[in-house]
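What follows is one structure encoded as structure tokens, with my remarks underneath.
Here is the naming used below: chain letters follow the sequence lines, and residue numbers restart at 1 for every chain. Quick caveat: nothing in here was measured; it's all calculated off a predicted structure. The figures here come from the full heavy-atom set of this structure, side chains too, leaving out hydrogens, waters and symmetry mates.
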Number of protein chains: 2
Amino acid sequence: MSSEIRLTPTSFVVLGLVEAAGEATPYDLKNMVAASLGNFWSLQHAQLYSEPQRLTATGYLAERRETGGRRRRHYRLAAKGERALREWLAEPTAELTEMRDLALLKIFFGANPVAMAAEQVEAHRGKLAEYEEIMKRAGADLPAGVRLSLEAGILAERTWVRFWSRHAE
Amino acid sequence: MSSEIRLTPTSFVVLGLVEAAGEATPYDLKNMVAASLGNFWSLQHAQLYSEPQRLTATGYLAERRETGGRRRRHYRLAAKGERALREWLAEPTAELTEMRDLALLKIFFGANPVAMAAEQVEAHRGKLAEYEEIMKRAGADLPAGVRLSLEAGILAERTWVRFWSRHAE
DNA sequence: ACTTAGACAGTCTATTTTAGACTATGACCG
DNA sequence: CGGTCATAGTCTAAAATAGACTGTCTAAGT
């Protein structure tokens, strides 16, 4: 439990996922991210190995290490982590969606929108279809928060499909 | 012109802005970012001091330094930078919008959406109003690409206002 | 029994980016 | 002349990214 660290969004992603799983290895986390929140909050898989170590060193997580075989590390929430997560969840934020859209950046600097549009429409349609599929299959059993963020993703993708379609000529 | 560097989106932001300005100091760039693309592609102002140096060292930009006073550095596009920018603009991308939304992340992990919604509606309404104001005042004279990305921002903000309003109860 | 392909699981490094404190210069006002 | 505000720039530690690289286990085919 060395000197304190700053808790970043990445930290809360780890804390939140570990809580949801009860106990998880970095590899589990990686799969959880890929299947859900990775769609709207991307991070490097290497982070899912280093961040839990940071959080363990400072008492937010507890680690249990396999003695044989791959000596995997299994993490669970420590009381301190639980508390930190609760507090973070309770605190509303006025921070806005931050977006990074390479296609839009190119347009801004004068790239030809028609040339961009075809690929973008297709890519966004694909994402939209994927989300709608998840919603159709699993929508009803999803935890409320997960479903809500999925809905947000669907709305956002629809917006982009509309936007780019308009410029596809 | 030392060993090559990787050109990142940040590099193209600098190249693009320098081209638009003809010649610019980091401080000019900082103001340009704040007034326009900073809304949809955030970056640290310190980057606008270090990135042009990187680009100058590798021949993408040319630097002219004031001899007296503040010894400001003025940058303009070198032929190599011009070429790189052209190529980047011409190349379409299938990369999707990447978004980072703290409020949504909290919701995902079970935060109370009603508690989040009030602040979010207000913040997004504010942003939307700001964009619409710019569009109303300057819309007609804006370069096409700039106007288009502004339109995209407006659509996105409307989507978010609608989403959060629905949950504001 | 042996091998090998593919899924599973994790590590590493260099570079970039972020957060944000800190410093300095010039211009104008009383 | 001194203060204050806008202008302009620097610095550092910590965190994140890109992506190559290395192992381990299982199961199917030979």
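Between B:R72 and D:dA8 there is a side-chain N or O to OP1 or OP2 distance below 4.0 Å. Contact between the side-chain N/O atoms of A:Q44 and the OP1/OP2 oxygens of D:dA16 is not found at any separation under 4.0 Å. Contact annotation: A:S50 does not reach the phosphate of C:dT11 (side-chain N/O to OP1 or OP2, under 4.0 Å). Considering only side-chain N and O atoms, B:R54 lies under 4.0 angstrom from the phosphate OP1 or OP2 of C:dT16.
Regarding A:L55, its CG atom lies at a distance of 15 Å from the C1' atom of D:dA16, rounded to whole Å. Taking atom CG of residue B:L29 and atom P of nucleotide D:dT7, one finds them 16 Å apart after rounding to whole Å. Rounding to whole angstrom units, CH2 of residue B:W41 and P of C:dT16 are separated by 16 Å. When the P atom of D:dT7 is taken as reference, atom CG of B:L48 falls 16 Å away, rounded to whole Å. Atom CD1 of A:I5 is separated from atom P of D:dA14 by 12 Å (rounded to the nearest Å). As a whole-Å value, the separation of B:R100 CZ from C:dA19 P is 10 Å. D:dA16 atom C1' lies 11 Å from atom CZ of A:R6, rounded to whole Å. Remark: C1' of C:dC12 and CD of A:Q53 are 12 Å apart, rounded to the nearest angstrom.
Within 4.0 Å of B:R71, counting heavy atoms only, lies no atom of the nucleic acid at all. Using a 4.0 Å heavy-atom distance criterion, B:T10 is classed as a sugar-phosphate-only contact. Residue contacts for B:R65: at a heavy-atom cut-off of 4.0 Å it reaches no nucleic acid atom on any strand shown.
Salt-bridge check for B:E95 with A:K106: failed, with every basic side-chain N at 4.0 Å or more from each acidic carboxylate O. The pair A:R100-B:E98 fails the salt-bridge criterion, with no side-chain N (NZ, NE, NH1 or NH2) lying under 4.0 Å from an Asp/Glu carboxylate O. Looking at B:R137 and B:E133, a side-chain N of the basic residue comes within less than 4.0 Å of a carboxylate O on the acidic one, giving a salt bridge.
Taking every side-chain heavy atom of A:P26 into account, C:dG10 is the closest of C:dT17, C:dG10, D:dG9. The nucleotide whose nearest atom lies closest to any side-chain atom of A:A46 is, among C:dA19, D:dA8, D:dG19, D:dG19. Side chain of A:Y27, nearest nucleotide from C:dC8, D:dA14, C:dT17: C:dC8. Relative to the side chain of B:H45, the nucleotides C:dA21, D:dT17, C:dG10 differ in distance, and C:dA21 lies closest. The A:L43 side chain lies nearest to D:dT17 when the options are D:dT17, C:dT16, C:dG10. Picking from C:dG10, D:dT10, C:dT17 the nucleotide with the shortest atom distance to the side chain of B:E51 gives C:dT17. For A:Q47, whose side chain is taken as the heavy atoms from C-beta onward, the closest listed nucleotide among C:dT16, C:dA19, D:dT17 is D:dT17.
Residue order along DNA chain D, read from the 5' end via each residue's closest nucleotide, puts B:K30 first among A:P9 and B:K30. Nucleotides of DNA chain C nearest to A:E98 and A:Y49 differ in position, and the one nearer the 5' end is that of A:Y49.
Between the CH2 atom of B:W88 and the CG atom of B:L15 there is a distance of 9.0 Å, given to the nearest 0.5 Å.
Neither side chain, B:T10 nor B:E51, offers a donor N or O lying under 3.5 Å from an acceptor on the other.
Evaluation of the side chain to side chain donor-acceptor pair (under 3.5 Å) test over residues 143-162 of chain B, restricted to residues two or more places apart or in two chains, returns A:T159-B:T159, B:H124-B:E157, B:E132-B:R158.
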